[in-house]
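In what follows, a structure is listed as structure tokens, so that the remarks can point back to it.
Index from 1, following the sequence. These numbers come from the heavy atoms of this one structure, side chains and all, not from hydrogens, waters or symmetry mates. One-based numbering, in listed order, for ligands and for the atoms of each.
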Amino acid sequence: MITFENFRIFKYETVESTNDVALELISTTKFPFVVVVAEEQTKGRGRAGHTWHSQSGGLYFSIAMRSGGISADSRLIVYSSLPVAETLKDYGLLPRIKLPNDVYIGKRKISGILGERKSDYLIIGIGINVNQKEFPPEISEIATSMYAETGKTYDRDEVLYNFLERFDKLIRSPESHYEKWLKFVSALRKKVSFTYRKTRIEGFVEHIDSDLNLYVNGQKFNIYEIFDFREP
Ligand code: BTN
């Protein structure tokens, strides 16, 4: 176990999903924040029941916290894309946030986030494509990695610590991160489409407020409930 700022970090070789291990550890220890990192996942999960391909080379981790206080703040699930984007920018990349909380480089996804509430806990699971040289055929056209973008390999612990340093600031005051987060969001003033409560919505993004509502065609949509978001 490693301690970094507020976080107790547990490292594993292979797990089914770091989200599940983080839930187990937070519910059986007294630590306020538990971070679980794995070299590989055999059942990595994405949003909407998707699989998250988790072969060696990527950074797969989950942060679990207890209910009450900061973990009551669901904005963290969406805002966690900010420390990811800032970290990638630090390495010279030009990331953008695709709603609700994916991080893209151009048209290709480099990071995904799965926020889960289980009993009294909040678990935020993050996958960042770091050193992957190739991807399975079904995602090879739509995924990218830090290596694919720059031709360099990276120390994944360093990437993780870089992220955690920023995440630590985020959990101290999520509300003060709205402006910074919005700067990375690429959907503002664009024509988009998405699924909301089983209905496909299409229109122009007029505004995104700090309570994380999206305003399209004069209507308000909660960002947590947006799926399959498309923008040009
Ligand atoms: C998505 O883009 O749909 C979310 C992907 C989230 C993947 C991460 S990898 C670490 C953590 N463990 C999981 O099973 N999923 C998340």
Side-chain angles (χ1 to χ4, degrees), residues 7-27 33-65 71 74 76-85 87-88 95-118 121-132 135-136 138-146 154 156-157 159-164 167 184-187 194-195 223-231:
F7 308 104
R8 300 292 179 279
I9 304 174
F10 297 83
K11 288 191 158 188
Y12 292 82
E13 195 57 37
T14 306
V15 300
E16 289 194 346
S17 163
T18 53
N19 270 30
D20 298 341
V21 180
L23 173 63
E24 169 74 25
L25 285 173
I26 194 79
S27 52
F33 296 95
V34 159
V35 179
V36 171
V37 195
E39 186 63 32
E40 283 177 321
Q41 298 183 114
T42 52
K43 287 190 184 157
R45 293 195 294 275
R47 286 185 92 224
H50 290 134
T51 298
W52 184 259
H53 294 279
S54 312
Q55 70 274 43
S56 185
L59 174 59
Y60 312 110
F61 65 103
S62 301
I63 307 162
M65 54 201 101
S71 82
S74 291
L76 273 189
I77 297 172
V78 172
Y79 280 165
S80 292
S81 56
L82 173 64
V84 173
T87 298
L88 294 172
R96 67 181 174 96
I97 294 172
K98 179 169 142 328
L99 295 177
N101 54 6
D102 289 339
V103 181
Y104 272 62
I105 306 289
K107 297 238 170 262
R108 289 170 182 261
K109 181 158 162 172
I110 195 162
S111 172
I113 297 173
L114 175 68
E116 295 181 310
R117 281 197 180 280
K118 298 255 168 91
Y121 306 100
L122 171 66
I123 304 110
I124 298 179
I126 301 180
I128 305 178
N129 297 331
V130 179
N131 292 328
Q132 290 101 320
F135 289 97
E138 61 273 32
I139 57 165
S140 65
E141 297 294 312
I142 51 169
T144 191
S145 65
M146 292 171 71
Y154 296 86
R156 282 169 295 163
D157 284 342
V159 177
L160 175 67
Y161 297 157
N162 198 328
F163 169 88
L164 288 176
F167 187 80
F184 282 101
V185 174
S186 50
F194 55 91
T195 302
I223 288 179
Y224 305 102
E225 296 183 63
I226 285 175
F227 287 93
D228 198 15
F229 193 84
R230 309 243 168 124
E231 58 188 89

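For Glu39, the side chain to side chain contact (heavy atoms under 4.5 Å, CB included) partners at least two apart in sequence or on another chain are Glu13, Ser56, Arg156. Shown here are the ring-ring contact (aromatic ring centres under 6.0 Å, His included) partners of Tyr79, two or more places apart in sequence or in another chain: Trp181. Residues passing the ring-ring contact (aromatic ring centres under 6.0 Å, His included) test with Phe61 are Phe163, sequence neighbours excluded.
Around ligand 1, the residues contributing at least one heavy atom under 4.0 Å from the ligand are Ser17, Thr18, Asn19, Gln41, Gly44, Arg45, Gly46, Arg47, Trp52, Phe61, Ser62, Asp102, Lys109, Gly112, Ile113, Leu114, Gly125, Ile126, Gly127.
The CD atom of Gln132 sits 10.5 Å away from atom CE of Met146, with the distance rounded to the nearest 0.5 Å.
With hydrogens and angles disregarded, a donor-acceptor distance shorter than 3.5 Å links the side chain of Asn101 to the backbone of Ile77.
In this structure, Asp20 pairs ionically with Arg45, as a charged nitrogen and a carboxylate oxygen lie closer than 4.0 Å.
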